[in-house]
Amino acid sequence: MRAPMPAGWREMRVRGIRLETDAIRSFELTPIAPEPLAPWTPGAHLDIALPDGGMRQYSLCGDPAEAAYRIAVKREPASRGGSAWLHDAVTPGMVLRVGTPRNAFGFDPQATQLVLMGAGIGITPLLPMWRAARRAGIPVALHLAAGARDEVPFREALEDADDVRLYLDRAPAAIAQALAQAMPAWAAGALLYTCGPAGFMEHVLRCAGQRGWPDHALRMERFAPIAPAPGGDRAAAAGPSQVPVRFARSGITVQARPGESLLALARRHGIDIGTGCEQGLCGACMTEVAEGVPEHRDSYLSESERERWVLPCVSGCGALPLALLA
């Protein structure tokens, strides 16, 4: 017997699967019942339930006006189960459980100019932004890096576009140099979005800083959490034996164990906090801090957001008491 679906989730049928490259497949999902889909905006992602009870997030890469959701998935050699299952087990006609689209990488239609820089599967959230900017008449330039021509997903839509530039080279240094040369100087109202491997995005942001881009004009989306600093876990374990944490709405104060995440602490005491990826990437569990300073370990919140919010799925408490609005 299947477990009941969480609120906001629905079953959708796989209407089609397309091989975009040897390693990337796109999936078209349509409603089973004749009901409208939840709306979404460029940059949004979709939660997909796995057979083992886990969950993965994949960027929506289709058109918000379509009566279908489209995602593209790269088969990862070190897959935790999601990409391998989608590639090997999912076939047309199958029914998948999906969540409501959520957006932590939102496209801003008020931008005066858009620069989009992606690598490989990092094209997925940028593709709808590129289309939306063209429709809205916003000047846009899409830069996409890949090892070779046959490794470019959605190549047919991109190759002949005059506002798209492809960087095809297996040498990271060559692509890095080309991107540095292509980076424009910042102009008021311009926004830069980047998505891809961590090293690629770090290089893009570094080049942007050298060309005068302010932090508020930069947007990035990670596909994997930032690796903890060396000794980080040991430092947490070496901290105070217990720290009081107050869950203000639940009206209880409990003691956190050394190195314990705030989510694990909440669950241990029967406090429900909604989650998504549980890797500090998606923002689904974002919780307001009422008092104190958490030990942030996420890859989602900005420095200014961390003054008020925390992602309890990966973050913990510091040496001083903490209060959360949960």
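Since we're looking at a predicted model, the values are computed, not measured.
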Open item on the list: I'd like to know if the side chain of Arg70 and the backbone of Cys61 have a donor-acceptor N/O pair within less than 3.5 Å.
Closed with: no

Task: By salt bridge (Lys or Arg N to Asp or Glu O under 4.0 Å) - contacts of Arg149 (at least two apart) - done: Glu159

Open item on the list: Salt bridge check, Asp163 against Arg134: does any charged N sit closer than 4.0 Å to a carboxylate O?
Closed with: yes

TODO: Run the numbers on Met183 and Met117 for side chain to side chain contact (heavy atoms under 4.5 Å, CB included), then give the verdict.
DONE: CA-CA 9 Å; Met183 178 67 67; Met117 291 196 166; 3.7 Å; yes

- [ ] Would you indicate whether the side-chain heavy atoms of Arg219 and Leu191 approach each other to under 4.5 Å?
- [x] yes

Open item on the list: Which heavy atom of Pro109 sits nearest to which heavy atom of Ile138, and what is that distance?
Closed with: O-CD1, 3.5 Å

Task: Connected via hydrophobic side-chain network under 4.5 Å: Val314 and Leu301 - done: no

Open item on the list: I want to check something: taking the side chain as every heavy atom from C-beta on, are Glu221 and Ser59 in contact at a cut-off of under 4.5 Å?
Closed with: yes

Open item on the list: If I compare all heavy atoms of Gly93 with all of Arg13, which pair ends up nearest, and what's the gap?
Closed with: O-NH1, 3.0 Å

TODO: Would you give the length of the straight line joining atom CZ of Phe27 to atom OG1 of Thr91, rounded to the nearest 0.5 angstrom?
DONE: 10.0 Å

Open item on the list: According to a hydrophobic-cluster definition based on side-chain heavy atoms being under 4.5 Å apart (Ile, Leu, Val, Met, Phe, Trp, Tyr only), do Leu166 and Ile24 belong together?
Closed with: no

- [ ] Any chance you could measure Thr124, atom OG1, to Lys74, atom NZ, to the nearest 0.5 Å?
- [x] 11.5 Å

- [ ] Name all residues meeting the salt bridge (Lys or Arg N to Asp or Glu O under 4.0 Å) criterion together with Arg246; count only those two or more places apart in sequence or in a different chain, and write none if there are none.
- [x] Glu291

TODO: May I ask you to say whether Arg268 pairs ionically with Glu260, meaning some side-chain N is under 4.0 Å from a carboxylate O?
DONE: yes

Open item on the list: Between Arg170 and Glu151, does any side-chain N to carboxylate O distance fall below 4.0 Å?
Closed with: yes

Open item on the list: Side-chain heavy atoms nearer than 4.5 Å, only ILVMFWY residues, links allowed to pass through others: does that put Leu116 and Leu168 together?
Closed with: yes

Task: Hydrophobic cluster membership, Phe107 vs Leu60, 4.5 Å side-chain cutoff - done: no

Open item on the list: Does anything in residues 108-163 form a ring pair (Phe, Tyr, Trp, His ring centres under 6.0 Å)? List the pairs, not counting sequence neighbours.
Closed with: His143-Tyr167

Task: Test item: Thr275 side-chain N/O and Cys285 main-chain N/O as donor-acceptor pair under 3.5 Å - done: no

Open item on the list: Is there a side-chain contact between Leu265 and Arg267 in this structure, where contact means two heavy atoms from C-beta onward sitting under 4.5 Å apart?
Closed with: no

TODO: Please tell me if the side chains of Leu37 and Tyr69 come closer than 4.5 Å, counting only heavy atoms from C-beta onward.
DONE: yes

Task: Distance in Å, Trp309 CH2 paired with Met286 CE, rounded so as to fall on 0.5 Å steps - done: 5.0 Å

Task: Ala188 to Thr112 - nearest heavy-atom pair and separation - done: O-OG1, 3.0 Å

Task: Which atom of Trp213 lies closest to which atom of Pro184, heavy atoms considered - done: NE1-O, 2.8 Å

- [ ] Would you check if the side chain of Ser261 reaches a backbone N or O of Gly316 as a donor-acceptor pair within less than 3.5 Å?
- [x] no

Open item on the list: Between the side chains of Asp63 and Arg131, is the shortest nitrogen-to-carboxylate-oxygen separation below 4.0 Å, so that they form an ion pair?
Closed with: no

Task: Test salt bridge (Lys or Arg N to Asp or Glu O under 4.0 Å) applied to Arg306 - qualifying residues, sequence neighbours left out - done: Asp298, Glu303

Open item on the list: To the closest 0.5 Å, what do you measure between CE (Met94) and CG (Leu86)?
Closed with: 9.0 Å

Open item on the list: For the residue pair Ser26 / Glu20, report whether a side-chain donor-acceptor contact shorter than 3.5 Å exists.
Closed with: yes

Task: Side chain proximity check, Val164 to Leu144, heavy atoms < 4.5 angstrom - done: no

Open item on the list: Once side chain to side chain contact (heavy atoms under 4.5 Å, CB included) is applied, do any residues pair with Ala104, and if so which ones, sequence neighbours excluded?
Closed with: Tyr300

Open item on the list: So Cys317 and Pro294, do their side chains get closer than 4.5 Å, heavy atoms only?
Closed with: no

TODO: Report yes or no: do Val14 and Leu19 belong to one cluster of Ile/Leu/Val/Met/Phe/Trp/Tyr joined by side chain heavy-atom distances under 4.5 Å?
DONE: no

Task: With Met220 via side chain to side chain contact (heavy atoms under 4.5 Å, CB included) - residues at least two apart - done: Thr194, Met201, Leu205, Arg222

TODO: Working to the nearest 0.5 Å, report the span between SG of Cys207 and CG of Leu192.
DONE: 10.0 Å

Task: For Asn103, side-chain hydrogen bond (donor to acceptor under 3.5 Å, both in side chains) partners two or more places apart - done: Thr41

- [ ] Taking side-chain hydrogen bond (donor to acceptor under 3.5 Å, both in side chains) as the test, write out the residues that go with Thr287, two or more places apart.
- [x] none

Open item on the list: I'd like to check Arg25 versus Val73 (side-chain heavy atoms, cut-off strictly below 4.5 Å). Are they in contact?
Closed with: no

- [ ] Could I get the full list of side chain to side chain contact (heavy atoms under 4.5 Å, CB included) partners for Asp150, not counting sequence neighbours?
- [x] Ala148, Arg155

- [ ] Hey, could you give me the CG/CD1 distance between Leu262 and Ile273, rounded to the nearest 0.5 Å?
- [x] 7.5 Å

Task: Student check: side-chain heavy atoms of Arg97 and Met12 closer than 4.5 Å - done: no

Open item on the list: Going by the rule ring pair (Phe, Tyr, Trp, His ring centres under 6.0 Å), which residues pair with Phe247 if we only count those two or more places apart in sequence or in a different chain?
Closed with: none

Task: Heavy-atom pair of closest approach, residues Pro153 and Ile123 - done: CG-CG2, 3.4 Å

- [ ] Could I get the full list of salt bridge (Lys or Arg N to Asp or Glu O under 4.0 Å) partners for Asp88, not counting sequence neighbours?
- [x] Arg75

Open item on the list: With side chain to side chain contact (heavy atoms under 4.5 Å, CB included) as the criterion, how do Glu278 and Leu263 come out once you've worked through the C-alpha distance, each side chain's angles and the decisive distance to 0.1 Å?
Closed with: CA-CA 9 Å; Glu278 298 195 13; Leu263 177 62; 4.0 Å; yes

Task: Nearest atoms (heavy-atom pairs only) where Ala208 meets Leu218 - done: CB-CD2, 3.9 Å

TODO: Give the C-alpha distance, both sets of side-chain angles, the deciding distance and a yes or no for side chain to side chain contact (heavy atoms under 4.5 Å, CB included) between Leu158 and Glu156.
DONE: CA-CA 6 Å; Leu158 302 174; Glu156 297 88 346; over 6 Å; no

Open item on the list: Before you tell me yes or no, could you show the steps for Arg10 and Val98 under side chain to side chain contact (heavy atoms under 4.5 Å, CB included), namely the whole-Å CA-CA distance, both residues' side-chain angles and the distance that decides it to 0.1 Å?
Closed with: CA-CA 6 Å; Arg10 67 190 298 169; Val98 307; 3.8 Å; yes

Task: With sequence neighbours excluded, residues passing side chain to side chain contact (heavy atoms under 4.5 Å, CB included) with Ala176 - done: His203

